[in-house]
K.L.:
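The structure that follows is given in the form of structure tokens.
Bear in mind that the values here come from a model prediction, so they are computed numbers and not experimental data.
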Amino acid sequence: MPRAAAARSWMRPDFMIIRQLVYLDALAREKHFRRAAEACHVSQPTLSAAIVQLEEELGVLIVERGRRFQGLTREGEIVLAHARRILAEADQMKDAIAELRDGVSGKIRLGAVPTALPMIAHITAPFSTRYPGASLTVLSLTSTEIQDGIDNFELDVGLTYLDNEPLERVVSKPIYQEAYVLLTREDGPLGERESITWAEAAALKLCLLTSDMQNRRIIDGIFRSVGHAPKPAIETNSIFNLCSHAGIQGVSSIVSSQLLEFFGVPLGTKALPLIEPDAKRTIGLIMADRHPAAPLARNLLAMSGTMADASLPRRPIVK
């Protein structure tokens, strides 16, 4: 087929439509035909027929055949990646047109590492005030999940670490510096101390985040820099569990000072600054490095200012 004719064939209205790509994206997310159909508000036969039509039009098998959904073929994974890019570009096109006509509006999906959640309202609240036509969804995710979400068009913006593990294909903006303290019982052996070194903390019975969290990998790296490797007694993926376990006699937790500035120091505990070294890491906003930039993500980064000390009003935790 001549190149011009082949190009025109892609433009036929019966060749590939956005709705087929929406169905494919839903199937990849739900991993179940019925649930995908329900998510798209269509019948299962309608969704299945659209996927089959897409396969016929592309001339490849997209879905592994079986009585149940068994996954996508290698060709299907390639189709899915392009489908998500096309859907994201279509959404951005609609947002850009709407921005010219009605101002900033639409939905923005933001993923934040758990340790940054106490700070998120200082970003989302001003944005919602300035752009009341926009709605936000905030998800608690690991830094790896945030990078994957940006790459796969599932997230618009991330709030994550900028200077510890490499980020790829993103535009970033620093927001604040995360600092670390040891949270321990005030009537315990460290009750009279005003600070503690990282080397001393390594010998304690610690509650730390799990190793899939970048905060934990940062803390492990700081311990290695002073020649120590702690053996945590308790691991959790919840920042709230970090605080609650520090109230147990004999257990201490390493938490960000920003967490305590927001929620307050739990009753019966005290926060000791960790020194030697005075370690900090930069947390900031990221969005995909694509052109044109998504209007909502671009506006969120543009209006979010740096929090120099990330200080917040203190209030006690209610037990």
K.L.:
Could you tell me the separation between the CZ atom of R298 and the CZ atom of R290, rounded to the nearest 0.5 Å?
P.N.:
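Result: 15.0 Å between the selected atoms.
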K.L.:
Using only heavy-atom distances, determine whether the side chains of Y161 and T115 contain a donor-acceptor pair under 3.5 Å.
P.N.:
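Yes, T115 and Y161 have a side-chain donor paired with an acceptor closer than 3.5 Å.
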K.L.:
So for atom NZ, which belongs to K173, do other residues, nucleotides or ligands contribute more than 12 heavy atoms lying within a distance under 6.0 Å?
P.N.:
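Yes - once you tally the heavy atoms of other residues, nucleotides and ligands closer than 6.0 Å, there are more than 12.
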K.L.:
Under 4.0 Å between a side-chain nitrogen and a carboxylate oxygen: does that hold for R169 and D289?
P.N.:
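Not counted as a salt bridge, because no side-chain N and carboxylate O are separated by less than 4.0 Å.
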K.L.:
Determine, for E165 against R217, whether the closest basic-nitrogen to carboxylate-oxygen distance falls under 4.0 angstrom.
P.N.:
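A salt bridge is present here (some side-chain N lies under 4.0 Å from a carboxylate O).
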K.L.:
Would you give the length of the straight line joining atom CZ of F153 to atom CZ of R85, rounded to the nearest 0.5 angstrom?
P.N.:
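Those atoms lie 4.0 Å apart.
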K.L.:
Mark yes or no for whether R193, through its side chain, and S195, through its backbone, hold a donor-acceptor pair below 3.5 Å.
P.N.:
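Between the backbone of S195 and the side chain of R193 there is a qualifying donor-acceptor contact (under 3.5 Å).
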K.L.:
Does one side chain, of T197 or E200, offer a donor that lies under 3.5 Å from an acceptor on the other?
P.N.:
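There is such a pair (donor and acceptor under 3.5 Å, judged by atom type) between the side chains of T197 and E200.
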K.L.:
Going by distance alone, is a donor N or O of one side chain under 3.5 Å from an acceptor N or O of the other, for D163 and T282?
P.N.:
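Per modelled atom types, D163 and T282 side chains form a pair under 3.5 Å.
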K.L.:
Is a donor on one side and an acceptor on the other found under 3.5 Å between the side chain of Q70 and the backbone of V63?
P.N.:
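Side chain of Q70 to backbone of V63, a donor-acceptor pair under 3.5 Å: no, none is there.
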K.L.:
Is it true that D220 and R216 make a salt bridge, defined as a side-chain N closer than 4.0 Å to a carboxylate O?
P.N.:
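Yes, D220 and R216 are salt-bridged.
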K.L.:
Would you check if L80 and L24 make a side-chain contact, meaning some heavy-atom pair closer than 4.5 Å?
P.N.:
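SC-SC contact between L80 and L24 confirmed.
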K.L.:
Could you give the distance from OG1 (T160) to CD1 (I146), rounded to the nearest 0.5 Å?
P.N.:
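It is 4.5 Å, given to the nearest 0.5 Å.
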K.L.:
Is there a path of hydrophobic side-chain contacts, each under 4.5 Å between heavy atoms, that joins F127 and I120?
P.N.:
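They do share one cluster, since a chain of ILVMFWY contacts under 4.5 Å joins F127 to I120.
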K.L.:
Checking side-chain polar atoms at under 3.5 Å, does Y180 have a donor or acceptor matched by the opposite partner on E178?
P.N.:
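Y180 vs E178: donor-acceptor pair found between side chains.
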K.L.:
Cut-off 3.5 Å, side chains only: do T73 and E64 have a donor facing an acceptor?
P.N.:
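Their side chains do not contain a donor-acceptor pair, so the 3.5 Å distance test is not met.
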